[in-house]
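A short worksheet on the structure shown next.
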Amino acid sequence: MGRIDLRVFTEPQQGASYDTLRTVAKAAEDLGYDAFFRSDHYLKMGDADGLPGPTDAWITLAGLARETSRIRLGTLVTSATFRHPGVLAIEVAQVDAMSEGRVEFGFGAGWFEAEHAAYGIPFPAAKFPRFEEQLAIVTGLWSTPVGETFSFAGEHYTLTDSPALPKPVQSRIPVIIGGMGAKRTPRLAARYATEFNVPFQSPEASAEQFERVRKAAKDIGRDPLEITFSNALVACVGATDAEVARRAAAIGREVDELKANGLAGSPDEVVDEIGRYAEIAGTSRVYLQTLDLSDLDHLELIATRVMSQLG
């Protein structure tokens with residue numbers, strides 16, 4: 001098994017203030033994690049109380065850009081329904097500058113209708129065509145040379161003679177696309193993605209989807225080796241069985257279910273399971289869905305006992 005990057009992935013809509021997220025991000029940086037990521041949602045899911053209320057993904061990352069120095073920062077995933085693509089391109093480029101080039105851009109079509117209704121955000125019936133146009137616009141604005149203009153005429157968006165500013169610090173902000181769509185998703189990933197992510201699926205299902213993306217890349221003459229393949233998986237690791245059970249209870253899950261569907265158990269068990277993803281699917285990066293943001297000892301245990309075995 002080659003090197004596997006571990007990234008911390010948080011779900012703040014379930015209940016987290018900016019201060020809580022800052023504490024977790026700074027701990028992740030100090031412990032040597034590769035990146036700190038967060039979801040982009042405005043409404044809690046399930047039985048969580050969601051207090052103190054939602055925080056905006058890109059405002060959060062802007063703050064963290066100034067309060068961290070090494071760790072990469074990004075979203076799994078920014079919803080295309082929340083922001084106009086021109087505005088989004090400006091926001092992400094600005095946060096990239098604020099972080100001195102540490103931003104990564106996870107992007108998806110949007111799916112959670114209830115949060116749109118709760119905050120008066122339009123929820124279009126045809127989301128994927130809008131998402132595809134947004135990808136073309138955002139990446140087009142970033143890649144237009146300084147001094148030239150960018151125009152776009154689509155079914156849903158029109159931009160005319162945009163100065164396409166500001167530019168990101170990075171020559172190419174990494175774009176992360178994910179999901180299990182069998183046709184359109186691999187096609188878009190082949191064209192735009194620097195990374196393809198499969199969330200909460202088995203190694204076998206991940207392998208099938210990764211292969212669809214590799215084939216789509218080859219079909220347009222792109223080397224699939226240019227694309228990083230990753231998984232997002234819930235983490236519940238303990239030095240003892242009792243510790244695993246305590247952490248599972250804290251997030252309202254059962255140990256056996258977590259072992260079947262995530263990364264749960266002892267550090268060695270979790271290393272072995274990550275190894276299965278690497279061997280079967282070709283995974284080289286894992287986003288650890290971290291649901292109990294008060295348990296910094298959990299992050300430390302994974303850093304010292306899991307990360308240390310992954311190269």
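All residue numbers refer to positions in the sequence shown, counting from 1. Below, each value reflects all heavy atoms present in this structure, side chains not excepted, and no hydrogens, waters or symmetry copies. Nothing here was measured: the structure is a model prediction, and the numbers come from that model.
A donor atom on one side chain and an acceptor atom on the other are not found under 3.5 Å apart for E211 and Q209. Checking T60 against R38 by side-chain atom types alone, a donor-acceptor pair falls below 3.5 Å. Side-chain atoms of D40 and T75 form no donor-acceptor pair, as typed in the model, at a separation below 3.5 Å. A donor-acceptor pair shorter than 3.5 Å can be found between the side chains of E115 and H41. S39 and E11 share a donor-acceptor pair across their side chains, judged by distance under 3.5 Å alone. Donor-acceptor pairing under 3.5 Å is recorded for the side chains of R102 and T68. For the residue pair W58 / T78, a side-chain donor-acceptor distance below 3.5 Å is found, with atom types taken as modelled. Of the N and O atoms on the side chains of Y157 and Q134, at least one donor lies less than 3.5 Å from an acceptor on the other residue.
Side chain of R130 to backbone of H156: no donor-acceptor contact under 3.5 angstrom is found. Between the side chain of S162 and the backbone N or O of L159 there is no donor-acceptor pair closer than 3.5 Å. Side chain of S284 to main chain of S230: no donor-acceptor pair is present (N/O by atom type, distance under 3.5 Å, no hydrogens or angles). No side-chain donor-acceptor contact under 3.5 Å links D34 to the backbone of L6. With hydrogens and angles disregarded, a donor-acceptor distance shorter than 3.5 Å links the side chain of T304 to the backbone of E300. No donor-acceptor distance shorter than 3.5 angstrom exists from the side chain of D96 to the backbone of V92, with no hydrogens or angles considered. Remark: side-chain polar atoms of R305 are not paired, donor with acceptor, to backbone N or O of P267 under 3.5 angstrom. Here the side chain of Q13 pairs no donor or acceptor atom with the backbone of M45 at under 3.5 angstrom. Under a 3.5 Å cut-off, the side chain of E133 and the backbone N or O of E155 do form a donor-acceptor pair. Checked by atom type and distance alone, the side chain of K26 pairs as donor or acceptor with a backbone atom of E67 at under 3.5 Å.
With a 6.0 Å radius and a threshold of 12 heavy atoms from other residues, nucleotides or ligands, D49 has its CG atom above the threshold. Annotation for D241: atom CG does not count as buried by contact number, only 12 or fewer foreign heavy atoms lying within 6.0 Å. Other residues, nucleotides and ligands contribute more than 12 heavy atoms inside 6.0 Å of the CZ atom of R246. Counting non-hydrogen atoms of other residues, nucleotides and ligands closer than 6.0 Å to CD of E279 gives a total of 12 or fewer. Enclosure of atom CZ in R191 is not indicated, since only 12 or fewer non-hydrogen atoms of other residues, nucleotides or ligands lie within 6.0 angstrom.
The cluster map of Ile, Leu, Val, Met, Phe, Trp and Tyr, joined by side-chain heavy atoms under 4.5 Å apart, puts Y18 and L73 in the same cluster. Placement of V138 and F150 in two distinct hydrophobic clusters is found when ILVMFWY residues are connected by side-chain heavy-atom separations under 4.5 Å, directly or transitively. Under the 4.5 Å side-chain contact rule for hydrophobic residues, V286 and F36 share a cluster. Residues L293 and Y287 do not share a hydrophobic cluster, defined by chaining ILVMFWY side chains whose heavy atoms lie under 4.5 Å apart. Hydrophobic clustering, with ILVMFWY side chains joined whenever heavy atoms are under 4.5 angstrom apart, groups L288 together with V271.
Taking the six-membered ring for Trp and the full ring otherwise, the centers of F229 and F210 sit less than 6.0 Å from each other. Separation of the Y192 and F107 ring centroids does not fall under the 6.0 Å cut-off. Between Y42 and H116, the distance from one ring center to the other does not fall under 6.0 angstrom. Close placement of the F105 and W142 rings is indicated, their centers lying within 6.0 Å of each other.
A salt bridge links E104 with R7; the closest basic N to acidic carboxylate O contact falls under 4.0 Å. The pair E29-R72 does not count as a salt bridge, with every side-chain nitrogen at least 4.0 angstrom from each carboxylate oxygen. Using a cutoff of 4.0 Å between basic side-chain nitrogens and carboxylate oxygens, D219 and K215 are scored as salt-bridged. For the pair R22 and D19, the salt-bridge criterion is met [side-chain N within less than 4.0 Å of a carboxylate O]. A salt bridge does not link K127 to E113: none of the charged side-chain nitrogens sits closer than 4.0 Å to a carboxylate oxygen. Of the charged side-chain nitrogens involved, at least one lies within less than 4.0 Å of a carboxylate oxygen, so that K259 and E269 count as a salt-bridged pair. Using a cut-off of 4.0 Å between Lys/Arg side-chain N and Asp/Glu carboxylate O, D56 and R83 are scored as salt-bridged.
Each of T290, D295, L296 was compared with V24 under the side-chain contact (heavy atoms from CB on, under 4.5 Å) criterion, and only L296 meets it.
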| request: Would you sort out whether Q201 and N261 count as a side chain to side chain donor-acceptor pair (under 3.5 Å), showing the intermediate values? | output: CA-CA 7 Å; Q201 296 289 327; N261 298 302; over 6 Å; no

